[in-house]
Amino acid sequence: MNYPYRDQFASALVTWFEREQRDLPWRKTKDPYKIWVSEVMLQQTRVDTVIPYYERFMKSFPTVQALADADEEVVLKHWEGLGYYSRARNLQSAVREVHETYGGIVPNTREEMSTLKGVGPYTAGAVLSIAYGVPEHAVDGNVMRVLSRVLNCEEDIAKPKIKPIFEKAVMFLIDHNNPSYFNQGLMELGALVCTKGKPHCLLCPVQAYCLAYQEGKPEDLPVKTKKVKNKPLHYAVVVHRDGDKVYVEQRPSTGLLSNMWQFPMYDNFIGEPIMQFKHVFSHLTWHIKAYYVTTPPQSEGGSFKTLQEIEQLPMPVPMLKILDFIKIEMENL
DNA sequence: AATCCGTGGAT
DNA sequence: TATCCAAGGAT
């Protein structure tokens, strides 16, 4: 590293974070378990979205033991609407591992943490630094963007080989007196000041130490290529009704929306749809036509349940839309 | 290395 | 409307 502002950068960043940090629920604690839960929820998910989920989750599962003892279905219900549902299953699996193998104490080394399901390089570093004060890197999307500017890196940060470079950079820059505030400061700076569109350089505490700013083109960074093609899929979702009960089934334990509940999905169906809409995922789009029938389902494995029972089951957002519709429909019977 | 895995807000 | 993408990880 030939970056000349190491100590000044770290000092200015930590001082700024002490003064400007947002008041967030998970910043009221140093409980490693609670920090861990927050970090998993925050993966690829916005702060404002996470807050109510985090509050509700902590009321129901305030400790490692509480989450370890919970039913998976109840945990998934708490995750409903957050997306990436494998996070919830992996988190509970890992928490059970901590409960059984580590006596309920979240391990404080990267080696041990990294063995836990759903804990990757970022989450391990975040928990270690924030909860335990261990000087470990926690490089997320914010940090990639901030460092690409501070270090004036013109490489394509979408390339997998770049991230380890920034992890080494953090280990070089990190404030050993306050790894927690250094890492959080880096992320907070990316969220509030060093934003992706037009960064607010006039408000930046490390403007004087930013190589891209010195070059006069911080808004041209980072360079990031990517193209994800979204594949359209057409489905018929059929609501089989028998009296006051409706047929629901659980999705497989692997793949898209694993273990979530749904109304049966078919490639095609004859009749007049009660509603139709599209639901966009990261890499595919469901084009849904929903149908209402009083005939038995073709599929097996599910069962007829009342709406009150169905409301207790974790369902993905597109199924919740259909559920809302038939709730109104069946109230009028 | 490239894909898969959700959702909703911002532009 | 289309695109990006937000405190990533698993395969």
Side-chain angles (χ1 to χ4, degrees), chain A residues 17 21-22 24-27 34-54 76 79-91 93-94 113-131 137-146 156-164 166-167 170 180 182-192 194-198 222 224-231 233 251-260 262 278-286 314-321:
Chain A
F17 182 74
Q21 64 171 294
R22 289 170 291 177
L24 301 174
W26 43 88
R27 288 181 176 162
K34 295 182 177 178
I35 301 295
W36 181 12
V37 171
S38 75
E39 292 299 341
V40 173
M41 284 188 172
L42 285 162
Q43 290 170 8
Q44 300 292 285
T45 312
R46 289 183 154 71
V47 166
D48 290 344
T49 301
V50 166
I51 289 174
Y53 282 90
Y54 175 83
L76 272 179
W79 213 270
E80 183 183 76
L82 255 191
Y84 288 145
Y85 299 101
S86 290
R87 290 184 296 175
R89 297 189 306 138
N90 286 337
L91 175 61
S93 173
M113 275 225 73
S114 298
T115 67
L116 300 171
K117 286 183 181 174
V119 177
Y122 165 77
T123 303
V127 173
L128 291 170
S129 61
I130 297 172
H137 58 79
V139 177
D140 71 336
N142 285 311
V143 176
M144 296 286 286
R145 182 176 58 258
V146 170
D156 179 2
I157 67 170
K159 299 296 182 183
K161 58 189 305 179
I162 302 300
K163 188 178 171 188
F166 283 140
E167 290 173 345
V170 169
S180 170
F182 180 87
N183 280 341
Q184 291 189 77
L186 224 36
M187 293 186 278
E188 193 82 337
L189 191 68
L192 301 181
C194 197
T195 50
K196 74 175 165 65
K198 197 171 180 64
K224 191 175 185 181
T225 67
K226 101 171 157 223
K227 43 175 175 275
V228 284
K229 48 189 170 192
N230 195 293
K231 181 180 179 181
L233 294 173
R251 294 178 64 87
S253 58
T254 59
L256 183 68
L257 304 172
S258 51
N259 285 15
M260 300 294 278
Q262 67 176 14
K278 68 175 181 179
H279 184 80
V280 180
F281 296 88
S282 311
H283 55 297
L284 53 87
T285 298
W286 279 1
M315 301 184 93
V317 167
M319 293 297 160
L320 291 174
K321 291 179 182 174

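Hydrogens, waters and symmetry mates play no part in the numbers below; they use all other heavy atoms, side chains included. Quick note on labels: first sequence line is chain A, next is B, and so on, each numbered from 1.
In DNA chain C, runs of at least 3 stacked Watson-Crick or G-U pairs (N1-N3 plus N6-O4 or O6-N4, or N1-O2 plus O6-N3, all under 3.5 Å) give these stems: B:2-5 with C:8-11, B:7-11 with C:2-6.
Taking every nucleotide of DNA chain B with any atom under 4.0 Å from a non-hydrogen atom of chain A, the first and last of them, 5' to 3', are dA1(B) to dG9(B).
Scored by the side-chain contact (heavy atoms from CB on, under 4.5 Å) test, E80(A) finds K77(A), M315(A), L320(A) as partners (sequence neighbours excluded). With sequence neighbours left out, S114(A) forms a side-chain contact (heavy atoms from CB on, under 4.5 Å) with R110(A), A124(A). For Y53(A), the ring-ring contact (aromatic ring centres under 6.0 Å, His included) criterion is met by no residue, not counting sequence neighbours.
Within 4.0 Å (heavy atoms only), W26(A) reaches at least one base atom of the nucleic acid. Across all strands shown, L24(A) has heavy atoms under 4.0 Å from base atoms, whether or not it also approaches the sugar-phosphate. Among the protein residues, G255(A) comes within range of the sugar-phosphate backbone only, with heavy atoms under 4.0 Å from sugar or phosphate atoms but none that close to a base. In this structure, L257(A) reaches the sugar-phosphate backbone alone: every heavy-atom distance under 4.0 Å involves primed, P, OP1 or OP2 atoms, never a base. Within 4.0 Å of T123(A), counting heavy atoms only, lie sugar-phosphate atoms of the nucleic acid but no base atom. Across all strands, V119(A) comes closer than 4.0 Å only to sugar-phosphate atoms, never to a base (heavy-atom distances). Nucleic acid contact class of R251(A) (heavy atoms, under 4.0 Å, all strands): none. Within the nucleic acid shown, G81(A) comes within 4.0 Å of sugar-phosphate atoms alone, with no base atom in reach, counting heavy atoms only.
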Pairs: protein N or O with nucleotides 2-5 of chain C N or O, under 3.5 Å:
residue: dC5(C); atom: OP2; partner: K226(A); partner atom: NZ; Å: 2.6

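L42(A) places its CG atom 9 Å from the C1' atom of dA6(C), with the value rounded to the nearest Å. When rounded to the nearest whole Å, the span between OH of Y84(A) and P of dG8(C) equals 10 Å. With rounding to whole Å, M144(A) atom CE is found 12 Å from dG9(C) atom P. Nucleotide dG8(C) holds its C1' atom 12 Å from the CG atom of N90(A), rounded to whole Å. Rounded to a whole Å, the CD1 atom of I162(A) is 18 Å from the C1' atom of dG8(C). To the nearest angstrom, P of dG9(C) lies 16 Å from CG of L82(A).
By the neighbour-count criterion of 12 heavy atoms within 6.0 Å, atom NZ of K117(A) is sparsely surrounded, having that number or fewer from other residues, nucleotides or ligands.
Between V47(A) and K117(A), the one whose closest nucleotide on DNA chain C sits nearer the 5' end is V47(A). Across the interface with DNA chain B, nearest-nucleotide mapping of S86(A) and K229(A) shows K229(A) to be the residue nearer the 5′ end. Comparing S258(A) and P160(A), the nucleotide of DNA chain B nearest to each residue sits closer to the 5' end for P160(A).
In summary, the aromatic rings of F281(A) and H283(A) are positioned with their centroids too far apart to meet the 6.0 Å limit.
Side-chain contact check for T45(A) and R87(A): at least one donor-acceptor pair (N or O, by modelled atom type) lies under 3.5 Å. In this structure, a donor-acceptor pair under 3.5 Å is present between the side chains of Y122(A) and E39(A).
For the pair R89(A) (side chain) and S253(A) (backbone), a donor-acceptor distance under 3.5 Å is present. Distance alone, capped at 3.5 Å, places no donor-acceptor pair between the Q262(A) side chain and the M319(A) backbone.
Between L186(A) and V143(A), the closest heavy-atom pair is CD2-CG1, 3.9 Å. Between L91(A) and V40(A), the closest heavy-atom pair is CD1-CG2, 4.2 Å.
A distance of 7.0 Å separates CD1 in I162(A) from CE in M144(A), rounded to the nearest 0.5 Å. Taken to the nearest 0.5 Å, the CD1 atom of I35(A) stands 12.5 Å off from the OG1 atom of T123(A).
For the P atom pair drawn from dG6(B) and dT3(C), the interatomic distance equals 22 Å after rounding to whole Å.
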